[in-house]
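Order of appearance sets the numbers: ligands from 1, and atoms from 1 within every ligand. Since the model is a prediction, treat every value here as computed from it, not as a measurement.
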Amino acid sequence: MSTEPEKWILMATARSPTNIAVIKYWGKRDETLILPINDSISITLDPDHLSATTTVAVSPSFESDRMWLNGKEIALTGGRYQNCLREIRNRAGEVEDQEKGIRIRKEDWGRLHVHVASYNNFPTAAGLASSAAGFACLVYSLAKLMNAKEELGELSSIARQGSGSACRSLYGGFVKWKMGSDANGSDSIAVQLASDTHWKDLVVIVAVVSSRQKETSSTSGMRESVDTSTLLEHRAKVVVPSRIHQMEEAIKNHDFASFAQLTCADSNQFHAVCLDTRPPIFYMNDTSHRIINLVERWNQHEGTPQVAYTFDAGPNAVLIAPNRKVATLLLQRLLFYFPPPPENDLTSYILGDRSILHEAGVQSPKDVETLVPPPEAKDKVPNKRYAGDVSYFICTKSGKGPMLLTDEDQALISSETGIPKIVT
Ligand SMILES: Nc1ncnc2c1ncn2[C@@H]1O[C@H](COP(=O)(O)OP(=O)(O)OP(=O)(O)O)[C@@H](O)[C@H]1O
Ligand SMILES: C[C@@](O)(CCOP(=O)(O)OP(=O)(O)O)CC(=O)O
């Protein structure tokens with residue numbers, strides 16, 4: 001290590017996206033290594049709207065590893081954080097910054113401590129895969145800081161040990177997590193099926209039904225399912241392998257009808273497994289069910305899938321439309337059934353890519369009031385509207401994988417103090 005005054009701080013900042021599974025991961029065969037019982041496939045979401053930003057810093061003056069999440073210090077003692085830190089440290093390389101007079105040798109990393117600050121631009125632990133973006137970002141930024149020259153596949157297998165779904169956030173576009181077969185997990189990695197530009201027309205609308213923290217975490221929920229659900233066994237052995245194959249074909253061929261049918265069926269089966277668990281787990285609520293009905297009625301009326309829906313371990317809906325035109329029709333329907341509460345304006349109700357609002361002809365709450373029921377609802381009574389049942393919508397799309405942020409202004413840690421710039 002450099003013999004310069006032990007004051008220096010070296011940092012790296014990265015941003016990583018979340019992902020939404022269209023063929024779900026649910027169930028582990030190894031709890032410590034986080035090895036799944038089936039393959040899964042996801043879409044990486046645009047980091048502009050749903051991502052984690054993480055700064056990692058190292059300095060000889062740091063006395064212990066510390067982490068702040070959304071401005072609040074959290075313990076890094078958990079096994080998952082420790083496993084990620086250990087695996088990255090094992091792969092750390094030599095780092096030299098001649099300008100700052102810093103030289104860190106491979107073997108120095110074992111005794112140097114890190115400070116980590118991370119911020120999610122969306123609700124944490126609300127079923128929006130914050131752990132996926134968070135662990136992917138932690139591993140990616142540490143790998144950059146420590147000059148661990150690993151392939152993304154190798155980094156994905158480290159992120160997997162933080163949270164299974166995190167391994168899929170190392171790539172943009174469409175990603176498959178191969179369950180692998182090695183007992184040590186070396187082949188349980190993510191691979192990119194297609195980049196974010198492959199199926200550019202897709203539009204994703206997330207309905208945030210509740211941003212409160214959920215009662216049953218994915219980790220304990222899937223453990224209980226593995227222990228008690230016979231449906232899960234059948235799903236992992238029989239249903240998923242064939243769906244994975246069909247989903248890969250649908251993505252390759254831009255076959256939206258097949259993509260939508262598989263996505264909805266897999267979400268429904270995952271929630272059926274939750275019901276088949278003892279005691280049963282309920283992640284969706286009445287609003288989630290209303291959104292499913294809205295889409296199913298519309299798809300049936302048109303005779304071909306217009307929109308796909310999928311729900312993770314929470315009540316929030318992720319809706320996928322094949323293009324902006326259909327996304328506009330979807331948004332009109334969503335705003336008809338779930339208008340903003342009276343005191344809410346549209347700026348805080350529709351987040352992300354708000355340009356779709358313009359196309360939907362909805363500029364103000366008044367325009368929402370005048371929306372008419374969709375044609376498929378004509379003879380269905382009652383046409384009740386549920387103001388306030390959705391907290392907000394996020395309009396987004398498929399996006400790129402992790403990226404390094406080189407502008408120091410984007411760092412979350414002060415290069416002077418080594419502590420987050422904002423602490424709450
Ligand atoms: N930016 C982050 N950096 C590091 N860890 C994070 C970050 N964000 C979340 N986490 C970790 O993930 C945990 C939340 O994971 P949890 O699985 O409960 O929720 P979720 O990921 O939002 O939902 P789900 O995985 O069910 O979609 C947090 O308590 C924290 O430990
Ligand atoms: C329903 C899911 O979102 C479950 C995600 O589970 P996690 O990856 O959060 O679980 P752990 O590996 O225990 O951290 C489906 C999916 O993302 O594939």
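Ion pairing of Arg324 with Asp353 is present here, as a side-chain N (NZ or NE/NH1/NH2) and a carboxylate O approach within less than 4.0 Å. Checked for salt-bridge contact, Lys24 and Asp266 miss the test: no charged N lies under 4.0 Å from a carboxylate O.
Considering only non-hydrogen atoms, atom 12 (O) of ligand 1 lies nearest to Ser131 out of Ser131, Cys84, Ala166. The heavy atom nearest to atom 14 (O) of ligand 2, considering only Gly221, Cys274, Ser165, Ser163, is found in Ser163.
Contact record, Ser288 with Phe311: CB-CE2, 3.4 Å, taken as the closest heavy-atom pair. The two residues Tyr349 and Pro339 have their closest heavy-atom pair at OH-O, 3.4 Å.
Taking every non-hydrogen atom of Ala52 and a distance limit under 4.0 Å, the qualifying atoms of ligand 1 come out as 1 (N). Listed by number with element, the atoms of ligand 2 under 4.0 Å from a non-hydrogen atom of Met222 are 6 (O), 10 (O). Within the listing of ligand 2, atoms 11 (P), 13 (O), 14 (O) sit less than 4.0 angstrom from a heavy atom of Arg80. Atoms of ligand 2 lying under 4.0 Å from at least one heavy atom of Ala21, given by number and element, are 16 (C), 17 (O), 18 (O). Residue Phe270 has at least one heavy-atom neighbour below 4.0 Å for each of these atoms of ligand 2: 1 (C). If you number the atoms of ligand 2 from 1 as listed, the ones under 4.0 Å from a heavy atom of Gly164 come out as 8 (O), 11 (P), 12 (O), 14 (O). Listed by number with element, the atoms of ligand 1 under 4.0 angstrom from any heavy atom of Met67 are 3 (N), 4 (C). Applying the 4.0 Å criterion to heavy atoms of Lys28 picks out, from ligand 2, the atoms 11 (P), 12 (O), 13 (O).
Using a 30° and 60° split on the angle between ring planes, His254 and His198 fall in the parallel class, below 30°. Taking the six-membered ring where tryptophan is involved, the planes of His115 and Phe62 are essentially parallel, since the angle between them stays under 30° and well short of 60°.
Side chains of Asp196 and Thr44 form no contact here, defined as non-hydrogen atoms less than 4.5 Å apart.
Geometrically, ligand 2 and Thr219 share a nitrogen or oxygen pair separated by less than 3.5 Å.
Scanning all protein heavy atoms for the shortest distance to atom 17 (O) of ligand 2 gives Arg168 NH2, 2.8 Å. The protein heavy-atom contact nearest to atom 15 (C) of ligand 2 is Tyr25 O, 3.3 Å.
Here Ile34 has side-chain heavy atoms under 4.0 Å from ligand 2, and that is the only part of it that gets that close.
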